[in-house]
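Notes for the one structure printed next.
In what follows, every chain begins at residue 1, and chains take the letters A, B, ... in the order their sequences are listed.
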2 protein chains.
Amino acid sequence: MIDKLDYVLALAREKHFGRAAEACGVTQPTLSAGVKQLEEQMGVLLVNRGSRFQGFTPEGQRVLDWARRIVGDTRAMREEINSLRHGLSGRLRIAAIPTALAMVAALTTPYRERHPNVQFTIYSRTSIEILDLLENLEIDAGITYLGNEPLGRVNAVPLYSERYRLLTSADAPLGNRDSVTWAEVAQVPLCLLTPDMQNRRIIDRLLKGAGGESRPTLESDSMILLFSHVRTGRWASVMPAKLAETLGLTDTLRAIPIVQPEAVQAIGLVVPAREPMMQITAALVEEAKRAAPMLEG
Amino acid sequence: MIDKLDYVLALAREKHFGRAAEACGVTQPTLSAGVKQLEEQMGVLLVNRGSRFQGFTPEGQRVLDWARRIVGDTRAMREEINSLRHGLSGRLRIAAIPTALAMVAALTTPYRERHPNVQFTIYSRTSIEILDLLENLEIDAGITYLGNEPLGRVNAVPLYSERYRLLTSADAPLGNRDSVTWAEVAQVPLCLLTPDMQNRRIIDRLLKGAGGESRPTLESDSMILLFSHVRTGRWASVMPAKLAETLGLTDTLRAIPIVQPEAVQAIGLVVPAREPMMQITAALVEEAKRAAPMLEG
DNA sequence: TTCGTCGATAGAGAATGTCTATTGACCGAT
DNA sequence: ATCGGTCAATAGACATTCTCTATCGACGAA
């Protein structure tokens, strides 16, 4: 029964019987049969079919919601019982927005001190994808924006505030300034994240608010790529202060505070609103609460 | 898997492999094998055995908690999907303390108006048993004392306040009074519920508080039995006002307010603290909220 | 029309589940 | 100490379910 609910979850993710089956480690006919059996038990069609997957029926949607709960609780149970025997162990799956990647180490490092048997998998994802992954039980926690777009059924722990800096070489225009305005930044050719990233949308909004427009010379979904360009001295970018510091500033590479307005975005740890939490997740929340004052300071 | 968790729940209730198996509709070896398989999957013993059932291990306790959740959610899912097709239907299982039995009709009657396809099963139980049944998913809702003894993981909706009356014939000692004190009541030979009932414990406490002692002439676990004795005119009892009214007063049978102190006990509907609720249960909560003002008035 | 993709179906074999019958351990009473 | 009685575990047979491979039929794009 729980396997079948798992099939439904996979189907919701993959929107494709074959791929969903593969994700579950079974063949496509097995998954088809599983879903069908669930439909017979419920006495109602769950999936709209027409020689291909066409989404869930309303009943299917409700089953999907329940399946997330039930499957999630089942995993949490296994994890908890396992922890009682072997201490905290297993794999903790985290996804973070690119601009927050650099500070993940501030959580994982002390976590590992305390619980050396836990392994980590960390994904770089957009804020939207993170919520989706959380919803579908594909990750245990996310690190993302808290303030802007609606979060789902999750609990959040604030970690730090993202403040923006113009990252540019000292000898570029504006390079000698102690602060610049968004209006001024709008005049500079920038390297920015792609528009599917919330960071980019936030910066776009700030530029537009200052009467400018966002026409980045270069877009990428990788902060490393952006930074390496800026480092040549020929490009500029807008980055959170924390990230710029982590990546490393030099005499010639400066991170200049951007004012008018002095924008702040709250970033935090986000975990499924399950009660009780998986222990492996609860430990991460603890770590986040411990780390937050340091990061903010 | 969910079947196996169900076995564990039954075992917790029955504390006996054979009876638990019967409750699940399987044979004892089947249930034994199911529990054993669960233990193998978890990699840990769940049940302490020594040629008979000796309770759960600490891990077993945790699995039990999770099992309640998971099995409960699974049933709620089935119920919800069923409701989407056939409207609200199925069987609503309620347990009430004996002194509240008379007012259950105030909930079930309007409920049935709105949802004619729902069937009811109503048990008369002690307040402690009610919490146990709720915990073990054997009932969907309880009607019991809210104030006194600790409730578990439940949500409560207040329904009315229990106020105490001396039920006695008009020509008995005290029979002509407009009010009596607990100290006076303590002098009368009473018919009371058995001491496993919270109502009895409350009355005992009140009698003792007034310097008296509780030495009932007759004890029973049935309010009907108590009332029928009082009705002969030869016995007296202490009953909640509401109940006395429902059972019917006559010229010769009086319900005299008891004062010093004028004791009040809150009675309410109690449902599992599950989010979301089973629809069948949510509808009962609605009914309770609707009925509460009338009952209190 | 044809080809490729997708999901359903058929049928065989494997794995699980469930039953009856029995055993072995323990407990209490003679 | 022995004898019954109760309880849960085990053995072995049978039934059900699960999962696989192979294939089909429907649909959509070229």
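Looking at residues 55-63 of chain A, you'll see that no heavy atom sits under 4.0 Å from any atom of DNA chain C. Near DNA chain C, meaning a heavy atom under 4.0 Å from it, residues 34-48 of chain A has A:Lys36 in order of number.
Qualifying ring-ring contact (aromatic ring centres under 6.0 Å, His included) partners for A:Phe120, counting only residues two or more places apart in sequence or in other chains: A:Tyr111. B:Ile224 pairs by the side-chain contact (heavy atoms from CB on, under 4.5 Å) definition with B:Ser222, not counting sequence neighbours. For B:Glu138, the side-chain contact (heavy atoms from CB on, under 4.5 Å) partners at least two apart in sequence or on another chain are B:Arg13, B:Leu133, B:Asn136. Residues that satisfy the ring-ring contact (aromatic ring centres under 6.0 Å, His included) test with A:Phe56, not counting sequence neighbours, are A:Phe53.
The heavy-atom pair separating B:Lys4 from B:Gly34 by the smallest distance is CD-CA, 3.7 Å. Taking every heavy atom of both residues into account, B:Leu193 and B:Asp221 meet most closely at CD2-C, 3.9 Å. Heavy-atom minimum distance, B:Leu269 versus B:Val285: CD2-CA, 3.8 Å. Closest approach of B:Ile97 to B:Thr126, counting heavy atoms only: CG2-C, 4.2 Å.
Screening residues 30-46 of chain A for salt bridge (Lys or Arg N to Asp or Glu O under 4.0 Å), with sequence neighbours left out, gives A:Glu39-A:Arg49. Sorted by first and then second residue, the salt bridge (Lys or Arg N to Asp or Glu O under 4.0 Å) pairs involving residues 124-135 of chain A (not counting sequence neighbours) are A:Arg68-A:Glu135. For residues 67-94 of chain A, no residue pair satisfies the ring-ring contact (aromatic ring centres under 6.0 Å, His included) rule, not counting sequence neighbours.
Across all strands, A:Lys4 comes closer than 4.0 Å only to sugar-phosphate atoms, never to a base (heavy-atom distances).
Remark: the backbone N or O of A:Tyr145 is not paired with any side-chain donor or acceptor of A:Gln198 at under 3.5 angstrom.
Taking atom CE of residue A:Met1 and atom P of nucleotide D:dT17, one finds them 15 Å apart after rounding to whole Å.
A salt bridge links A:Arg200 and A:Glu219; the closest N-O separation between the charged side-chain nitrogens and carboxylate oxygens is under 4.0 Å. Between A:Arg62 and A:Asp65 there is a salt bridge, with a side-chain nitrogen of the basic residue lying less than 4.0 Å from a carboxylate oxygen of the acidic one. A salt bridge links A:Asp6 with A:Arg75: the distance from a Lys NZ or Arg NE/NH1/NH2 to an Asp or Glu carboxylate oxygen falls below 4.0 Å.
Of all nucleotides in DNA chain C, those with any atom nearer than 4.0 Å to a heavy atom of chain B start and finish, going 5' to 3', at C:dG17 to C:dC26.
Each end of the helix from C:dT1-D:dA30 to C:dT30-D:dA1 gets its own rotation axis from five pairs of C1' atoms, and the angle between them is 20° to the nearest 10 degrees.
Side-chain N/O atoms of A:Tyr7 include none lying less than 4.0 angstrom from OP1 or OP2 on D:dC18.
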Go along nucleotides 21-30 of chain D 5' to 3' and tag each nucleotide: B for a protein heavy atom under 4.0 Å from its base, S when only backbone or sugar atoms are that close, - otherwise.
BB----S---
